[in-house]
Amino acid sequence: MFIIYSATQKEFIEFPVIIVIVKEKKSFTVLSIHDILRNYWGYASFRPLQEEIINSVLEGKDTLALLPTGGGKSVCFQVPALAIEGMCLVITPLIALMRDQVENLRRKGIKAAAIHSGMHSSEIDVVLNNCIYGNMKFLYLSPERIQSEAFQVNLHRMKVTLLAIDEAHCISQWGYDFRPPYLKIAVLREFFPASPVLALTATATVPVVKDIQDKLKFRTENVFQGSFERSNLVYFVFKEEDKYGRLLKITKKVRGSGIVYVRNRRKTKEISDLLNKNQVTADFYHAGLDTSVRDKKQDAWIAGKNRVIVATNAFGMGIDKPDVRFVVHMDITDSIEAYFQEAGRAGRDGKKSYAVLLFNESDLSDARHNLSLTYPLPKTIKAVYHALGNYFQLPAGSGKDQVFEFELSEFCRNYKFDAVTVYNSLKFLEKEGYILLNETLNEPSKVYIRAGREALYQYQVEHALLDNFIKTLLRSYGGLFSDFVKISESELARRSGQSKENTVHYLDEMYHAGLISYVHQTTKPQIIFTDHRLDSLHVIISDKNYNDRKKSAQRRLDAVMGYLKNISLCRSQQLIAYFGETQGRPCGSCDVCIGHHKTGVSEEDFEQVVTRIKPHLLRRFCTLEELVDASGGLKENTVLDVVRWLLDNEQVIKDPENRYMWHK
């Protein structure tokens with residue numbers, strides 16, 4: 001046995017010591033990055049830019065990698081981490097993705113663990129112990145954990161040789177998903193000054209790219225950016241009143257599997273039922289379903305048992321299904337970044353696929369209304385925070401790192417709040433760093449054996465009634481002496497011939513005897529206080545932060561509106577231009593390019609005419625003669641065809657005197 005002090009539990013804890021004597025090898029083989037890729041992932045070659053990014057990291061350079069959704073970002077830090085000694089710290093805000101990657105690495109025989117909000121303190125202690133004394137290769141962390149006492153106490157004892165920052169756009173106030181805890185990541189550089197930083201994101205505008213490097217204290221600017229252009233992906237935008245009818249036409253016309261995105265949970269089932277009634281096999285998915293149910297739905301869709309999955313934006317992160325032929329958005333997204341990421345889940349195998357966005361006039365007003373709801377008044381946000389403290393009976397000055405199960409409906413009923421207002425207030429408090437909200441947490445029960453084998457055997461001798469149960473537990477689950485292992489009380493009860501109630505009772509008995517750590521299953525959403533509860537007078541919602549974020553959100557929504565209404569520039573060109581890539585060519589296949597074909601005017605000529613006449617049309621009404629003059633020598637018929645098309649598609653309006661103006 002050896003004893004360490006647990007900063008989370010404020011007590012000393014015993015851990016078993018296993019000593020393994022290994023004969024010294026006279027020689028060993030170091031795998032190349034290509035060997036690692038082939039042995040662990042089964043790929044013969046890297047995707048574009050992956051090898052260059054990996055080599056940059058192995059040279060010790062701070063590196064920012066911008067790769068589109070499905071571009072293989074995780075390989076860029078997992079491969080170099082396996083090629084060098086020491087451990088890789090991976091910072092990510094996405095708990096679901098964190099879990100998936102840890103499980104995937106473990107299945108490959110690679111030692112990986114995660115620490116995130118909502119974990120029991122004893123779980124965290126075991127993970128930290130394994131990182132210090134074991135041969136852990138990957139530790140995944142939520143950004144909030146960096147500032148926790150338990151982590152900081154143990155950090156300097158870890159051998160960390162690579163820092164990987166996923167979803168790096170979250171560190172920038174100019175980014176679409178800014179999170180204040182990301183600003184604390186740079187403190188890790190003080191602990192590991194020689195370790196390179198690899199920042200990764202799929203979506204970052206030009207200002208965000210610079211901001212990421214500044215905030216992470218890059219020694220030298222170093223960016224690898226893949227093209228945002230997806231040449232096999234065809235974008236369509238349809239202004240459509242009968243969205244369901246259009247969706248059915250798409251599913252009939254485009255073969256293969258698809259994703260349909262909607263904003264609310266009710267619609268997922270509604271549209272799924274509609275598709276099934278029309279002989280399109282479909283299922284629905286949203287964050288309110290149990291984890292086991294979501295996993296089954298996801299697996300069935302990936303296996304091709306259901307052709308279409310209808311989902312909220314909770315679906316898709318970390319899922320690698322290469323043969324998705326279409327992604328349809330039935331509602332407007334809040335940003336181009338979100339749309340580009342979700343649409344990009346189609347056609348990852350490089351084959352022709354479609355991204356379709358449907359909207360109508362009411363959607364435009366709904367989107368503006370939803371934006372206003374997303375930003376409750378600061379006094380309302382403070383009132384929600386104050387009510388939270390009362391709800392959990394937390395005195396001011398207490399509660400740091402405490403985890404509470406949270407029932408939104410009960411909370412709203414008790415304090416007479418509107419559910420949407422509360423939810424958006426909680427999200428704002430989360431972004432300000434006061435709390436964390438785990439909405440989709442569904443953790444199975446876990447067991448870790450704290451006692452040594454001798455002590456456990458002695459307990460079995462003294463408690464004959466539990467002897468068979470303990471033997472069944474040990475036979476059913478491996479690794480119980482070194483880490484927390486997920487268990488199923490129902491399955492354990494079946495194998496041991498006990499009722500589920502007896503099984504839980506026996507596990508609780510062993511826990512109280514100090515033999516095991518036993519964490520019960522968690523199914524409800526959770527609120528975690530990241531700091532001690534403040535008096536409501538001291539809760540600061542900065543006017544500047546509030547107004548800046550609201551304006552930034554408004555700009556992003558305006559960009560989406562512009563994308564919907566712009567039918568003069570190729571869809572692909574519009575999207576990549578948003579991310580600063582201005583050299584893209586017209587795709588020739590999107591709804592805009594097809595519209596240009598119908599005019600008989602080439603994409604290049606069409607774009608030239610619009611570029612030259614639009615500034616004049618934005619200022620005042622112009623005659624056709626004035627527009628021909630403004631076109632700079634282009635053929636009169638070409639200008640007339642373009643103006644006629646703009647008028648037919650409501651881009652310009654005409655007054656009684658046959659003069660034209662841009663429809664603002």
Side-chain angles (χ1 to χ4, degrees), residues 205-207 235-241 332 335-336 357 359-369 371-372 550-587 590-664:
T205 57
V206 174
Y235 299 96
F236 284 94
V237 176
F238 295 119
K239 189 174 182 181
E240 181 67 71
E241 291 303 322
I332 299 171
S335 67
I336 293 291
L357 198 162
F359 79 102
N360 54 41
E361 281 300 325
S362 64
D363 289 334
L364 302 180
S365 57
D366 286 347
R368 294 187 183 95
H369 179 63
L371 177 63
S372 66
K550 191 170 183 179
K551 287 176 184 175
S552 184
Q554 182 64 62
R555 283 194 296 271
R556 288 192 292 273
L557 182 59
D558 288 344
V560 174
M561 301 290 194
Y563 176 71
L564 298 177
K565 295 178 179 179
N566 187 341
I567 54 174
S568 60
L569 182 64
C570 166
R571 296 292 178 192
S572 177
Q573 285 182 299
Q574 288 185 58
L575 289 172
I576 66 175
Y578 179 82
F579 297 107
E581 194 174 331
T582 58
Q583 302 304 313
R585 303 280 296 172
C587 72
C590 69
D591 63 291
V592 174
C593 289
I594 289 172
H596 294 174
H597 293 162
K598 292 177 181 177
T599 67
V601 178
S602 70
E603 283 93 342
E604 289 82 359
D605 284 348
F606 192 100
E607 190 176 339
Q608 278 194 56
V609 172
V610 172
T611 300
R612 293 176 185 179
I613 68 174
K614 186 175 179 180
H616 299 275
L617 291 168
L618 283 169
R619 288 196 297 267
R620 59 184 178 83
F621 280 98
C622 300
T623 64
L624 279 174
E625 291 78 10
E626 288 172 326
L627 294 177
V628 170
D629 291 341
S631 68
L634 291 170
K635 292 180 180 178
E636 182 176 341
N637 285 342
T638 299
V639 178
L640 294 178
D641 286 340
V642 171
V643 172
R644 189 179 299 114
W645 187 89
L646 292 172
L647 182 65
D648 291 342
N649 288 274
E650 300 178 352
Q651 294 291 286
V652 299
I653 55 176
K654 186 169 70 168
D655 70 5
E657 297 178 22
N658 288 327
R659 296 180 305 171
Y660 300 86
M661 189 174 187
W662 199 266
H663 191 185
K664 297 178 183 178

Requested in this report: List the steps and the verdict of side chain to side chain contact (heavy atoms under 4.5 Å, CB included) for Tyr660 and His616.
Outcome: CA-CA 10 Å; Tyr660 300 86; His616 299 275; over 6 Å; no
Query raised in the report: Less than 4.5 Å apart, any side-chain heavy atom of Tyr578 and any of Arg556?
Result: yes
Requested in this report: Just do the side chain to side chain contact (heavy atoms under 4.5 Å, CB included) check on Leu364 and Leu564 with the steps written out, would you?
Outcome: CA-CA 10 Å; Leu364 302 180; Leu564 298 177; 3.7 Å; yes
**Report entry** Heavy-atom check, side chain of Leu627 versus side chain of Leu617, under 4.5 Å
**Finding:** yes
Requested in this report: Starting at CE of Met561, measure out to CD1 of Ile332 and round the result to the nearest 0.5 Å.
Outcome: 5.0 Å
Report summary line: Tightest non-hydrogen contact, residues Leu371 and Ala553, listed as CD1-CB, 3.6 Å
**Report entry** Note: Arg644-Asp641 ion pair, threshold 4.0 Å (strictly below)
**Finding:** yes
Requested in this report: Could you pull out the closest heavy-atom pair between Cys570 and Val592, with the gap in Å?
Outcome: N-CG1, 3.9 Å
Query raised in the report: Is Val237 close to Gln574 at the side-chain level, that is, under 4.5 Å between some pair of heavy atoms?
Result: no
Query raised in the report: For Val610 and Trp662, which heavy atoms make the closest approach, and how far apart are they?
Result: CG1-CH2, 4.3 Å
Query raised in the report: Would a 4.5 Å heavy-atom cut-off, applied to side chains only, mark Tyr235 and Leu357 as touching?
Result: no
**Report entry** Side-chain heavy-atom pair Met661, Asp655 within 4.5 angstrom cut-off
**Finding:** no
Requested in this report: Answer yes or no: does atom CD of Glu636 have more than 12 heavy-atom neighbours from other residues, nucleotides or ligands under 6.0 Å?
Outcome: no
Query raised in the report: Can you check whether Trp645 reaches Phe606 side chain to side chain, under 4.5 Å on heavy atoms?
Result: yes
Report task. I would like to know whether Asn658 and Leu624 meet side chain to side chain contact (heavy atoms under 4.5 Å, CB included); could you show each step before the answer? Result -> CA-CA 8 Å; Asn658 288 327; Leu624 279 174; over 6 Å; no
Query raised in the report: Does the side chain of Leu575 reach to within under 4.5 Å of the side chain of Ile336, using non-hydrogen atoms?
Result: yes
Requested in this report: Would you check if there is a donor-acceptor pair between the side chains of Arg368 and Ser372 at a distance under 3.5 Å?
Outcome: no
Query - Side-chain touch Val639/Val642, heavy atoms, less than 4.5 angstrom - result: no
Query raised in the report: Roughly how far, to the nearest 0.5 Å, is the CD1 atom of Ile594 from the CZ atom of Arg571?
Result: 11.0 Å
Query raised in the report: Quick check: does any side chain N or O of Gln651 sit under 3.5 Å from a backbone N or O of Val643, one acting as donor and the other as acceptor?
Result: no
Query raised in the report: Which pair of heavy atoms, one from Glu241 and one from Asn360, lies closest together, and at what distance?
Result: OE2-CB, 3.4 Å
Report task. Please step through side chain to side chain contact (heavy atoms under 4.5 Å, CB included) for the pair Thr611 and Gln608, ending with a clear verdict. Result -> CA-CA 5 Å; Thr611 300; Gln608 278 194 56; 5.8 Å; no
Report summary line: When Arg619, Arg620, Arg659, Arg612 are each screened for salt bridge (Lys or Arg N to Asp or Glu O under 4.0 Å) with Glu626, the one that passes is Arg620
Report task. Starting at CD1 of Ile567, measure out to SG of Cys593 and round the result to the nearest 0.5 Å. Result -> 12.5 Å
